[in-house]
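Keep in mind that this is a model prediction, so the values were computed, not measured.
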Amino acid sequence: MKDEPADLTQVPSMVGEVRNHPAMAHDDVFGEISENGPNYRDVGWLGTVALMMKTQIGLGVLSIPSAFDTLGLIPGLICMLTIAVITTWSDYMIGVFKLNHREVYSIADAGGLMFGRAGRAFLGGTFVIYWIFVAGSGMLSISIGLNAVSTHAACTAIFVAVAAIIGFMFGSIRTLGRLSFLAWIGLICILTAIFIVTIAVGLQDRPASAPQSGPWSSDYKLFGSPSFTEAMTAVSSLIFAYCGTPAFFAIVSEMRDPRYYTKSLLVCQSGVTAIYITIGTVVYYFCGSYVASPALGSAGVLVKKIAYGFALPGLIVTTMLVIHLPAKIIFIRLLQNSHHLTSNTPTHWLTWLSCTAGITITAYIIASAIPVFNGLVSLVGALLGTLMSFQPMGCMWLYDNWSKGKVSKSKTWLAMVIWCVFVIGIGTFCMVAGTYGSVVGVIDSYRVDGGSGAWGCKDNSGSV
């Protein structure tokens, strides 16, 4: 079997039954894939790396230095590495579960297998709501970037609307294979922006928000002393930085050869963790408590303009992807087992554009109603990101392996049961406690400065 199948007839049999037809193949999710419609199975392993890394490296990385300031550098690194290990295992389980159950496209399908119709409805609904909130965060971050680059040239509400329109246009591209090239562009742009700020804070005398006269040295802390709510809000922000996990169901489902999923995953998670450690540590070490959130504003007005200039394409790609993903799960659910799913019919296009428009409009409302970046990021990470990245994956292993314990309770099996219970338990704790902390944080942000106001015009980038 070839590494990168050249046509649809070479789709691996482990994912779908291949029929001997020169222009048609059968997939357990999409049904008949022909030349008369979109090819949903067209993502190579390098494209998979790009999509994975872009769903991970986006909004969450911009809040890592601020989380370190709350927790302290050493506890912050320990928490982040712990989250990295758990989510990497969760991501791996997605690939295993997909190959064991070929009909699974999303976490909703996995929920349906494990818990019936109620599980499908609950996890499917949570998946859609999660990505809508992430899309709202993306629109908010784009508005911050546009404010920074233009020095607040227009009302922030207008910039949020512009972000929504751009996200809808690009998010309506129908297949992840066509989006993988844009994912590379977005990934390179966001990394360039982040490294510009990382280098700048090391070269500058002091961060932009620090006192600009008199002697100054960074007040970074190895160990912080946060309250419970502050600590859980910070941990939730770190969880959000690794919460691309539920998107990996769709990514593996649209790979040409899912056997290379684990290879792509290891490249992704290794690179993401190394980048997070470098950026979080360096920026926090030089900025201390004067680190900005989002972190791109930490090195002064000029560097902020340059950084956001590079970051905007990356933020747009993030928003595009997180509009596409929930729209796709609804689209497949509506048209599955219908020829309209893989054919360029009016019904196909009307349904698809209605799905992307509905997701975009809802995300726009959220971005406008909760215009506090840190608060929105930690709330999404705690309430929805944890639920999407921890508990279901522990349940997935138990679903596939529990019966093996009835035959032979080996030490390996027992260890994995304990691990799965731990993942489910720690995920539930972080979800409940983190949500409480995040809600308190959002309320406090409004009490302190009134926030930016729903659908407000106030500059959210600190440019003026």
Side-chain angles (χ1 to χ4, degrees), residues 54-55 58-60 62-63 127-150 152-174 176 178-179 182-183 185-186 189-190 193 240 243-244 247 294 296 308-331 349-377 379-380 384-385 442 451-461 463:
K54 194 65 205 74
T55 57
L59 309 178
L62 302 181
S63 61
F127 176 91
V128 171
I129 294 170
Y130 169 65
W131 286 118
I132 288 175
F133 268 85
V134 178
S137 302
M139 293 174 192
L140 185 58
S141 68
I142 292 172
S143 74
I144 294 172
L146 292 173
N147 267 323
V149 171
S150 67
H152 191 44
C155 174
T156 295
I158 295 175
F159 284 144
V160 175
V162 169
I165 293 170
I166 294 173
F168 166 72
M169 291 172 60
F170 286 99
S172 295
I173 297 173
R174 290 180 293 171
L176 288 176
R178 293 183 179 274
L179 292 178
L182 293 175
I185 295 175
C189 288
I190 194 74
F240 185 64
C243 274
L296 296 183
Y308 270 112
F310 279 100
L312 276 171
L315 297 174
I316 289 171
V317 171
T318 296
T319 306
M320 166 194 78
L321 285 172
V322 297
I323 288 173
H324 178 96
L325 290 168
K328 180 70 76 64
I329 188 177
I330 296 172
F331 174 70
W349 277 108
L350 180 61
T351 305
W352 172 239
L353 293 178
S354 297
C355 290
T356 54
I359 297 297
T360 302
I361 293 170
T362 309
Y364 164 74
I365 293 172
I366 291 171
S368 299
I370 314 177
V372 185
F373 180 81
N374 240 20
L376 186 54
V377 164
L379 179 61
V380 173
L384 301 172
V442 171
S452 298
W455 281 272
C457 284
K458 181 180 176 181
D459 178 30
N460 58 4
S461 70
S463 298

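- Put simply, the residue from I365, I366, I323 that forms a side chain to side chain contact (heavy atoms under 4.5 Å, CB included) with I132 is I366.
- Looking at every heavy atom in both residues, P326 comes nearest to I329 through O-CG2, 3.0 Å.
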**Request:** Could you go through the side-chain contact (heavy atoms from CB on, under 4.5 Å) check for L176 and H324 one step at a time?
**Result:** CA-CA 9 Å; L176 288 176; H324 178 96; 3.8 Å; yes
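- Between V160 and Y364 the shortest side-chain heavy-atom distance falls below 4.5 Å.
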**Trace of the side-chain contact (heavy atoms from CB on, under 4.5 Å) decision for I142 with I166** = CA-CA 10 Å; I142 292 172; I166 294 173; 5.8 Å; no
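- Contact detail for A148 and Y308: the closest heavy-atom pair is CB-CD1, 3.5 Å.
- F127 CZ to L325 CG: the interatomic distance, rounded to the nearest 0.5 Å, is 5.5 Å.
- Atoms OG and CD1, from S141 and I316 in turn, are 9.5 Å apart once rounded to the nearest 0.5 Å.
- The two residues T156 and S143 come nearest to each other via the heavy atoms CG2-OG, 4.2 Å.
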**Message:** Between R174 and W349, is the side-chain contact (heavy atoms from CB on, under 4.5 Å) condition met? List the steps.
**Reply:** CA-CA 10 Å; R174 290 180 293 171; W349 277 108; 3.3 Å; yes
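- When side chains are defined from C-beta on, F133 does not count as touching V322, because their heavy atoms never get closer than 4.5 Å.
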**Message:** F168 vs M320, test: side-chain contact (heavy atoms from CB on, under 4.5 Å). Steps then yes/no.
**Reply:** CA-CA 7 Å; F168 166 72; M320 166 194 78; over 6 Å; no
**Residue pair T356, S172: steps toward the side chain to side chain donor-acceptor pair (under 3.5 Å) verdict** = CA-CA 6 Å; T356 54; S172 295; 3.0 Å; yes
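- Counting heavy atoms from C-beta outward, T318 and I190 have side chains that stay 4.5 Å or more apart.
- Side-chain contact check for I359 versus I330: some heavy-atom pair is nearer than 4.5 Å.
- Nearest approach of W352 to I173, heavy atoms of both residues: CZ2-O, 3.7 Å.
- Under the rule for a ring pair (Phe, Tyr, Trp, His ring centres under 6.0 Å), F310 has no partner lying at least two apart in sequence or in another chain.
- Considering all non-hydrogen atoms of both residues, A135 and A363 come closest at CB-CB, 3.6 Å.
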